[in-house]
Amino acid sequence: MIRRLLIAITVLFLTVFLILPIVVVIVSAFAQGMATYWAAITEPEALDALQLTLTAAGVAVICNTIFGLAAAWMITNYAFRGKNLLITLIDLPFTVSPVISGLIFVLLFGGRSGIGRWLIDHGFKIIFATPGIILATCFVTFPFVARELIPLMQSQGNQEEEAAYMLGANGWQLFWRVTVPKIKWGILYGVVLAAGRAVGEFGAVSVVSGHIRGVTNTLPLHIEILYNEYQFSAAFAVATILLVFAIVTLVLKRYLEYRIERKVTPS
Amino acid sequence: MVDSLTNFLKVKNNRRFRLPGFGLSTGITLTYLSVLVLIPLVALVVTASTITRHELVTILTNPRVIAAFKVTFSTAIVAAVINGIFGTLVAWVHARYSYPGKRLLDALIDLPFALPTAVAGIALTALFASNGWVGQFLVPLGINLNYSWWGITIALVFVGMPFVIRTVEPVLDDFDKELEEAARTLGATPWQTFVKVIFPLLLPAVLTGTTLAFARCLGEYGSVVFISGNMPMKTEIVPLLIITKLEQYDYVGATVIATTMLVLSFGLLLIVNLIQWIQRRRLGMES
């Protein structure tokens, strides 16, 4: 009896908060027919927004993956002072509100700061332009790869690397042939999480973008503009693109968790 | 260069040898961390430190600012508590019972992490609007979630949901069933077993998850702005107020409010770490 009640509450709660939002996006997107849907996702502004979103997410994922590998290499292979402080600092961006993540770049590179003034005078526009969007996206996805790799590499140890080194491999050889194969699923896991977040980031990007249509508009910002113009079907149509990204992220995440689990506990 | 870095970080050389790549990995790590995270955050603090105490008091005691802080904190606390209760329930049901469709729902629990906040915002608004699928059943009960305090809370419940479930789940999976069985054998009722044996062991994880959800809810922007209506003094949250100040070129106001929020978030992070430390000590897992 109690068991049934608990299951019923769980199913109701999860259905309202997880299933219905997905269904409502899809139904609303096609509410005015296939033609409206197709027009909304193929109009030039939507395509520009998609392109900018993918560019920013791509740069952020590449930069943060290189950083994640470097940070994990440093933290797991050497003993040094301040290691715990470094690990804490790497997690810092997760505790900063998205809006504040955007604000810090406006303060640093906007027209009111010395650096910002100098950059603008020399022809570099960062805020209300693509570089600002990329910076903000890098910031909010900063920890993903590093925080995945650090515990993974710590648990695996570096005996294999040491053995390869003693047998005469140079640094890059042992990195590519020993370390990368050991941690490849972990790298992919971090990349998937970072990409998922990068594609959907809204608050931070909203602050630095300046909302210039066709120039500094990402997909989430494009949705906001359409919604505020009461073009609800179009807004939901564009939202389905991001919904597909989100579902793909979840599926890949599940698959990679399964792969990593099998790696860590061989049975 | 590498030598001075080695000296500064007091790198130990007690092993027979050191793997190569120290200079390169340290260089990339510290440069990227400084440029992207440390310098911008320091810029915020430096900007905030140039503000006089008088300005600070004027900004933070403005009724609209106080109202925004009240809305943000009250909705975040209530959403976190709702997540604490329902999250524990969901984790419990998923650890102990089986039902049709459980695998699908379990796979979707991370959806709030993956779904862009703007999409979540418009979807929740469509659902809970007075003519929406869920909202139409609430209006006769006198609950109109659109453009209200409860609307914000609903959005925050969505956003914070995975935290409690994902922190409680592993604890339940590792749970020693013998404790429960012992309590039952010794004559405890199921309710007594839950309250006196199970719940105390779950509590640290529940608190950690709830605090993480609370911290996330405090800063949330995207999913809230669509459902909240953004009325100053009533449903305006702090992140939105920061954006409003920026759009009015009130950089000082935006900086003061942002720094205040930042300090509060870091305080919360400290609390989470403290809870986890106590938890580890109690379970005797301290290393």
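Chain naming here is simple, since letters A, B, ... match the order of the sequence lines and numbering starts at 1 in each.
Looking at A/Ile7, the atoms closer than 4.5 Å to chain B (heavy atoms on both sides) sit in the backbone and in the side chain alike. Only the side chain of A/Val25 comes within contact range of chain B, with heavy atoms under 4.5 Å apart. Contacts of A/Ile22 with chain B are made by side-chain atoms alone, with heavy-atom separations under 4.5 Å and no backbone atom involved. A/Val238 does not touch chain B: none of its heavy atoms, backbone or side chain, sits under 4.5 Å away. For A/Lys83, no part lies under 4.5 angstrom from a heavy atom of chain B. Using a 4.5 Å cut-off between heavy atoms, A/Val27 touches chain B through its side chain atoms alone. Neither the backbone nor the side chain of B/Leu218 comes within less than 4.5 Å of any heavy atom of chain A. In this structure, the portion of A/Ile223 lying under 4.5 Å from any heavy atom of chain B is its side chain and not its backbone. Within the 4.5 angstrom heavy-atom criterion, no atom of A/Asp91 approaches chain B. Of the atoms belonging to B/Val46, not a single heavy atom falls under 4.5 Å from chain A. With a 4.5 angstrom heavy-atom cutoff, A/Leu193 does not touch chain B via any of its atoms. When heavy atoms are compared at a cutoff of 4.5 Å, A/Phe142 approaches chain B solely by way of its side chain, counted from C-beta outward. Contact annotation for A/Phe17: both backbone and side-chain heavy atoms come within less than 4.5 Å of a heavy atom of chain B. Residue A/Leu107 touches chain B through its side chain alone, counting heavy-atom pairs closer than 4.5 Å.
Just one of A/Thr179, A/Asn77, A/Thr76 meets the side chain to side chain donor-acceptor pair (under 3.5 Å) condition when paired with A/Glu161; it is A/Thr179.
Ranked by non-hydrogen atom pairs under 4.5 Å with chain A, the options B/Tyr97, B/Tyr221, B/Phe128 are led by B/Tyr97. By number of non-hydrogen pairs under 4.5 angstrom with chain B, the leading residue of A/Thr15, A/Thr249, A/Leu92, A/Leu69 is A/Leu92. With chain A as partner, the option from B/Phe158, B/Phe226, B/Trp133 having the largest number of non-hydrogen pairs under 4.5 angstrom is B/Trp133. Among B/Ile242, B/Leu89, B/Thr117, the residue making the largest number of heavy-atom pairs under 4.5 Å with chain A is B/Leu89. Between chain A and the residues B/Ala254, B/Ser25, B/Ala120, the largest count of heavy-atom pairs under 4.5 Å involves B/Ser25. When each of A/Gly102, A/Ala71, A/Gly171 is scored by its heavy-atom pairs under 4.5 Å with chain B, the top score falls to A/Ala71. Between chain A and the residues B/Leu127, B/Val42, B/Val119, B/Leu124, the largest count of heavy-atom pairs under 4.5 Å involves B/Leu127. Per-residue counts of heavy-atom pairs under 4.5 Å with chain B were compared for A/Val11, A/Val251, A/Leu250; the largest is that of A/Leu250. For the set B/Ile154, B/Val225, B/Val37, B/Leu44, the entry with the most heavy-atom pairs within less than 4.5 Å of chain A is B/Val37.
With a 6.0 Å cutoff to the six-membered ring centre and a 45° limit on the axis angle, A/Arg112 counts as a cation-pi contact of B/Tyr251.
With sequence neighbours left out, A/Arg254 forms a salt bridge (charged side-chain N to carboxylate O under 4.0 Å, His left out) with B/Asp106.
Between B/Ser34 and B/Pro40, the shortest heavy-atom contact is O-CD, 3.9 Å. Minimum heavy-atom separation, A/Pro220 to B/Ala118: O-CB, 4.1 Å. In terms of heavy-atom proximity, A/Ser97 sits nearest to B/Pro239 at OG-CG, 4.3 Å. Taking both residues in full, the closest heavy atoms of B/Val159 and B/Pro112 are given as O-CB, 4.1 Å, listed atom of the first, atom of the second, then distance.
Between the side chain of A/Asn170 and the backbone N or O of A/Gln173, at least one donor-acceptor pair lies under 3.5 Å.
No side-chain heavy atom of A/Trp73 sits less than 4.5 Å from a side-chain heavy atom of B/Thr29. By the 4.5 Å heavy-atom criterion applied to side chains, B/Val93 and B/Lys102 are not counted as neighbours. The closest side-chain heavy-atom distance from B/Pro116 to A/Phe202 is not below 4.5 Å.
Taking the six-membered ring where the residue is Trp, the centroids of A/Phe144 and A/Phe67 are separated by 6.0 Å or more.
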With a cut-off of 3.5 Å and sequence neighbours excluded, list every side-chain donor-acceptor pair involving residues 256-272 of chain B.
{"residue": "B/Thr259", "atom": "OG1", "partner": "B/Thr255", "partner atom": "O", "Å": "2.6"}
{"residue": "B/Thr260", "atom": "OG1", "partner": "B/Val256", "partner atom": "O", "Å": "2.7"}
{"residue": "B/Ser265", "atom": "OG", "partner": "B/Met261", "partner atom": "O", "Å": "2.9"}

